[in-house]
2 protein chains.
Amino acid sequence: MSQTVDRALSILPLLAQGPADLGQVAERLGVHKSTALRLLRTLHEHGLVYRQQDQRYRLGARLFSLAQEAVENLDVREIAHPHLVELNERCGHTVHLAVYEEHEVLYIDKVESRYPVRMYSRIGKPVAITVAAVAKLLLADLTEPERRAIAERLDYPMYTSRSTPNAGAFLRELAVVREQGWATDLGGHEESINCVGAPVRGADGRVVAAMSVSAPNVVVTAEELLTLLPLVRRTADAVSRDYSGTTHTKKA
Amino acid sequence: MSQTVDRALSILPLLAQGPADLGQVAERLGVHKSTALRLLRTLHEHGLVYRQQDQRYRLGARLFSLAQEAVENLDVREIAHPHLVELNERCGHTVHLAVYEEHEVLYIDKVESRYPVRMYSRIGKPVAITVAAVAKLLLADLTEPERRAIAERLDYPMYTSRSTPNAGAFLRELAVVREQGWATDLGGHEESINCVGAPVRGADGRVVAAMSVSAPNVVVTAEELLTLLPLVRRTADAVSRDYSGTTHTKKA
DNA sequence: GTGGGTGTTGCGCCATGTGCAACGGTCATT
DNA sequence: AATGACCGTTGCACATGGCGCAACACCCAC
């Protein structure tokens, strides 16, 4: 592994916490100021870091463009998008698409609710992994040792009284989800919001993404939302078929 | 400037165009495979690059999280957001917030239209810089030599017959915008979409961001949209006041 | 089997990244 | 004004760490 690059990249999460000046960066990296300066300059030249008027550094705009382009050529997303839109048109609620990658679950697409009351979420935001329906779906598909390893390492914040309290409960929940092939989050993240979700599978049967429909209590009750389950599952299956069909014909 | 870091960072835009395998990366970087491997490994360890099943590399999830955190501690955005929401509630159309940074204009926030017909755009996406109302507002505030320099270097794609055709026309347009303190885009990007925008200014009077309201012809005509101008300007001024008020009390 | 295509490893050389120390600018204090 | 403290910046000599090479390990196709 390359030391120089390693140091340079360590600057990014550091700056993600807020702007910092040269001295602070050097100190937190444990290197001489001149070294930090050279690294920052290189990052700057690539637009990953921006220097504001007060001379302090913060993360740069190129980061957005990159993240943007990255998300745009995820093929699952591209294939799923029209289905998400259609699902949204049928039920009116917020629709999410999420993937699992390197111990994180994150939203890669979203179609907003047509109702005025919307839940707050944003593409790229890491999901509340212990409670979200999509997170359960994605993790449930991992091998048993992987699930255990992850479950052990997680925190279990009690967002509400219905949040998953600990690793044991989480693993049991994953077993259920794995068995039944769909998942819910009934007020586990925010008291008044419920979700139903279903998995998207690749040609080999492995779960490659998960989608869910979310709605607040004030719009529909949990029972009403559950009546959408067949529709959600059908949509997810349709995406799976599309995805499996095209997954072999990758562009050069 | 650091060679190693420079090479490593050059991999990112390369992968943004689509996944690539080790050989391709090495070739396009002009370095030996072993070197490329070491760089990719380092990027991987920081989560900026992900290795998919077919062994090819693509951009990783950490990029999203970083871009996300970065956008979240831009203070203009935080301050402007409630105003954008309010503006959206009053007029119902799509509202954008954009900033200029290092020769790029990009959206940093957006509130979706309440009408079913929506324009496609996404936070982080670089703006059509020669035609968008927000781009004109941000560039109009630069010094005269800066404006000239940028205008010379730009391409002037004719999205529609009303797009800005060349540098001369663009500079004249910027002069008008600078003078009047607001800007429009009437079908310059997409034939059927119009925008009105106004600048957000910092305590020193410089333009720090720009906001706009966009709507397709099928919902309101250009004339009707222009009647919203006073509302847009008032909102932008309100943001400017909020921003100037808090700009001195930066958190430690 | 055999061959061409991958990705990976160990190594010796020297380019390159490193810390140091000295410089220059800005701001607050007296 | 003069002083000094603080920050970012520069040039330099040293040796660390990154480099390409070549050999290896692997997989798939033929």
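All values below were derived from every heavy atom in this structure, side-chain atoms included, with hydrogens, water molecules and symmetry-related copies excluded. Numbers restart at 1 for each chain; the letters A, B, ... are given by sequence-line order, proteins then strands.
- Taking atom CE of A/Met1 as the reference point, atom P of D/dG18 lies 9 Å away to the nearest angstrom.
- A/Ser2 comes within contact range of the sugar-phosphate backbone alone, with a heavy-atom separation under 4.0 Å but no base atom that close.
- A/Glu144 has a carboxylate O that lies under 4.0 Å from a charged side-chain N of A/Arg148, or vice versa, which qualifies the two as a salt bridge.
- One interatomic measurement links the two molecules: CG of B/Leu40 to P of D/dG18, which rounds to 15 Å at whole-angstrom precision.
- Phosphate proximity of D/dG18 to A/Thr4: present, with a side-chain N or O under 4.0 Å from OP1 or OP2.
- Taking side-chain N and O atoms only, B/Gln55 has no distance below 4.0 Å to OP1 or OP2 of C/dG7.
- If B/Gln3 and A/Asp21 are placed on DNA chain D by their nearest nucleotide, the residue sitting closer to the 5' end is A/Asp21.
- Annotation: B/Glu179, atom CD; neighbour count of heavy atoms from other residues, nucleotides and ligands within 6.0 Å does not exceed 12.
- Around the CD atom of A/Glu27, the shell of radius 6.0 Å holds no more than 12 heavy atoms that belong to other residues, nucleotides or ligands.
- Side-chain nitrogen and oxygen atoms of A/Ser34 include none within less than 4.0 Å of the OP1 or OP2 phosphate oxygen of D/dT9.
- A donor-acceptor contact shorter than 3.5 Å links the side chain of A/Asp21 to the backbone of A/Gly23.
- Not a single donor-acceptor pair under 3.5 Å links the side chain of A/Gln52 to the backbone N or O of A/Asp54.
- Comparing D/dC19, D/dG8, C/dT8 by their closest approach to the side chain of B/Leu22 singles out C/dT8.
- Taking the nucleotide of DNA chain D with the nearest heavy atom to each of B/Leu39 and A/His32, the more 5' of the two is matched to A/His32.
- The phosphate of D/dC19 (OP1 or OP2) has a side-chain N or O of B/Arg38 nearer than 4.0 angstrom.
- For D/dC19, one of the phosphate oxygens OP1 or OP2 lies less than 4.0 angstrom from a side-chain nitrogen or oxygen of B/Arg7.
- The base of C/dG7 is paired with the side chain of B/Lys33 by a donor and an acceptor separated by under 3.5 Å.
- Rounded to an integer number of Å, the gap from A/Leu37 CG to C/dC20 P is 16 Å.
- Note on A/Arg56: every side-chain N or O is 4.0 Å or more away from OP1 and OP2 of D/dG8.
- A/Asp54 places its CG atom 13 Å from the P atom of C/dC27, with the value rounded to the nearest Å.
- Checking the phosphate oxygens (OP1, OP2) of D/dT10, a side-chain nitrogen or oxygen of A/Arg41 falls inside 4.0 Å.
- Closest to the side chain of A/Val31, out of D/dG20, C/dG19, D/dT9, is C/dG19.
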